[in-house]
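In what follows, every chain begins at residue 1, and chains take the letters A, B, ... in the order their sequences are listed.
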Amino acid sequence: MLKYHKETQKNFSVRIVRWYRLNSRNLPWRENNDPYRVWLSEVMLQQTRVEQGLPYFQKFVKKFETIFKLASAQEDVVLRLWQGLGYYSRARNLHRCSKIIATELNGEFPASAKALQRLPGIGEYTAAAIASISFGEKVAVVDGNVFRVLSRYFGIEVPINSSEGKKVFSTLAQQQLNESPDPKLPPGEYNQGIMELGALVCTPRSPRCADCPVSAGCFAYNKNLIEDLPVKLAKAGKRERYLYYLMPIQGKSVWMKKRSQSDIWKGLYDFPCIESDSELKAAALKQKCKSMAGHGEVALLGSVTHLLTHQKLFIACLTMTGVNEVSLKKNFEGKWYTQKEVVRLPKPKVIDDLLKIYFKKISQGK
DNA sequence: AAGCCGGGGAG
DNA sequence: CTCCCAGGCTT
């Protein structure tokens, strides 16, 4: 660990809170400290930018005014509202969590980080966020912003995605709260302040050090190491998958199935799929489709490359009319859904895009 | 401890 | 193109 100046360290937390009070964005979940809204926003913002999550937050609080309304909703309805936000296990865990709180806890959130963390979808970060913001508990959050700000300010080279890094940075974050010169420093404002600073000023690239309230004491700023911190271990490469979707059509209905295995998009709906580790030739693919779903008319609807964090998906989608339902049912799960029903189903972004292409096509009379 | 899970915006 | 975002769960 690199050395830093202790006199500048001492006022870090106080400067952060002072800056936060003058520069915080006006965000809907900051209107009050209601744990339901704080929880909802924190789960939505896991690995997600504020701008991306914001419209979803508005939709959710409007549709589910209380945790009881969320708890009594169907999972498909929750997933459909979450559609497009990604990491769908968050939505499934959010729903599970709401049921526990509504039915077992009389609708009241546990008031400590330790108790909160026992709930599904609430890990160390989210537990600390809710406990500090809604209940004033003196517990520090450690998210991507905190890693970056602390790494730069204190000049710490330990990789932020290593086990040691997690320990080092959470200890350091908690120290700022415990050893603050202001014993009444509001933990929620300190936590939101350091994250807000990371989001608005101490950004991953081209940070706005001229606007930073703690630049004078910042190790990286003073040593001109801003671009070198934080340190991060290299990640594994992406797996490549070739997904060949067969979209069976019957009148105004489309055959879809729910993804239930522990794979991408669990809980969402897509079409029968033939997967391969390598590219399939058009002729071979067509042959395969016909053998699995009957000898109907096959046509290419579209093909796209879809990037996920860990996977690169090469996707092609074939429409098929005149399918043999017996053959289809033997090879694939699922059932027929009318166009109206299809719109209501929660679907991955790519599937939603493909359906839009198809529906547009048929509305123009092919 | 390492791998897995989405989608989008910035540079 | 790469990186990363108010992380958590599974193996």
Take the protein atom CG of A/Asn145 and the nucleotide atom P of C/dC4, then report the distance between them rounded to whole Å. 12 Å

Examine C/dT2: is either OP1 or OP2 under 4.0 Å from a nitrogen or oxygen in the side chain of A/Lys238? Give yes or no. no

Contact list please: residues 37-52 of chain A against DNA chain B, heavy atoms, distance less than 4.0 Å, in numerical order. A/Gln47, A/Thr48, A/Arg49, A/Gln52

Spacing of A/Leu79 atom CG relative to B/dC5 atom P, expressed in whole Å: 16 Å

Mind jotting down which residue pairs meet the side chain to side chain donor-acceptor pair (under 3.5 Å) criterion with at least one end in residues 32-43 of chain A? Sequence neighbours excluded, please. A/Glu31-A/Arg37, A/Glu42-A/Tyr125

Contact list (N/O, under 3.5 angstrom) for nucleotides 1-4 of chain B vs protein:
from	atom 1	to	atom 2	distance (Å)
B/dA1	OP2	A/Ser163	OG	3.1
B/dA1	O5'	A/Ser163	OG	3.4

Looking at residues at least two apart in the chain, or sitting in another chain, which of them share a ring pair (Phe, Tyr, Trp, His ring centres under 6.0 Å) with A/Phe314? A/Tyr242

Looking for any heavy atom pair under 4.0 Å, which part of the strands does A/Gly84 touch: base, sugar-phosphate only, or nothing? sugar-phosphate

Using OP1 and OP2 only, check whether a side-chain N or O of A/Lys266 sits under 4.0 Å from B/dC5. no

Between A/Val201 and A/Trp19, is a side chain to side chain contact (heavy atoms under 4.5 Å, CB included) present by the stated rule, with each step listed? CA-CA 11 Å; A/Val201 176; A/Trp19 175 86; 3.7 Å; yes

Face-on cation placement of A/Lys360 at A/Tyr358 ring, 6.0 Å and 45° thresholds: no

Quick one: is A/Arg90 getting a side-chain N or O under 4.0 Å of the B/dG6 phosphate, OP1 or OP2? no

What contact category does A/Lys235 fall into here, base, sugar-phosphate, or nothing, at under 4.0 angstrom with non-hydrogen atoms? sugar-phosphate

Side chain to side chain donor-acceptor pair (under 3.5 Å) pairs touching residues 283-301 of chain A, sequence neighbours excluded, are none

Spell out yes or no: do the side chain of A/Arg148 and the base of C/dA6 have one donor N/O and one acceptor N/O closer than 3.5 Å? no

Please measure how far the P atom in C/dA6 lies from the corresponding atom in B/dG11, and state the result in whole Å. 14 Å

Between CG of A/Leu200 and P of C/dC4 the distance, given in whole Å, is 18 Å

Specify the residues of residues 202-211 of chain A, ordered by number, for which at least one heavy atom lies under 4.0 angstrom from an atom of DNA chain B. A/Arg205

Check ring pair (Phe, Tyr, Trp, His ring centres under 6.0 Å) between A/Tyr221 and all other residues, then give those that pass, not counting sequence neighbours. none

Ring centres under 6.0 angstrom apart (A/Trp82, A/Phe60): yes

Does either side chain, that of A/Tyr87 or that of A/Gln46, offer a donor lying less than 3.5 Å from an acceptor on the other one? no

According to a strict under-4.0 Å criterion, is A/Trp265 in side-chain N/O contact with OP1 or OP2 of B/dG7? yes

Does any non-hydrogen side-chain atom of A/Tyr337 lie less than 4.5 Å from one of A/Ser253? no

Listed in order of residue number, which residues of residues 114-143 of chain A have a non-hydrogen atom at under 4.0 Å from DNA chain B? none

Whole-Å distance separating the CD1 atom of A/Ile160 from the P atom of C/dC4: 7 Å

Can you tell me how far P in B/dG6 sits from the matching atom in C/dT10, rounded to whole Å? 14 Å

Take the protein atom CD1 of A/Ile351 and the nucleotide atom P of B/dG7, then report the distance between them rounded to whole Å. 10 Å

Quick one: do the A/Arg90 and A/Gln47 side chains pair a donor with an acceptor below 3.5 Å? no

Classify the nucleic acid contact of A/Asn93 as base, sugar-phosphate or nothing, counting any heavy atom under 4.0 Å across all strands shown. sugar-phosphate

Rounded to whole angstrom units, what separation is found between the CG atom of A/Leu94 and the C1' atom of C/dG7? 14 Å

For A/Arg259, which residues count as a salt bridge (charged side-chain N to carboxylate O under 4.0 Å, His left out) partner, sequence neighbours excluded? A/Asp263, A/Asp270

Calculate the interatomic distance between A/Arg241 atom CZ and B/dG6 atom P; express it in whole Å. 10 Å

Checking A/Ser72 now: which residues fulfil side chain to side chain contact (heavy atoms under 4.5 Å, CB included) with it, not counting sequence neighbours? none

Starting at CZ of A/Phe57 and ending at P of C/dA6, how long is that distance when rounded to a whole Å? 16 Å

Would the A/Phe219 and A/Tyr153 ring centres measure less than 6.0 Å apart? no

Return the set of residues passing side chain to side chain contact (heavy atoms under 4.5 Å, CB included) with A/Phe359 (not counting sequence neighbours), or none when no residue passes. A/Gln339, A/Val342, A/Leu355, A/Ile362

So does A/His306 get a side-chain nitrogen or oxygen closer than 4.0 Å to the phosphate oxygens (OP1/OP2) of B/dG7? yes

What pairs with A/Pro348 under side chain to side chain contact (heavy atoms under 4.5 Å, CB included), at least two apart in sequence or on another chain? A/Trp265, A/Leu268, A/Ile351

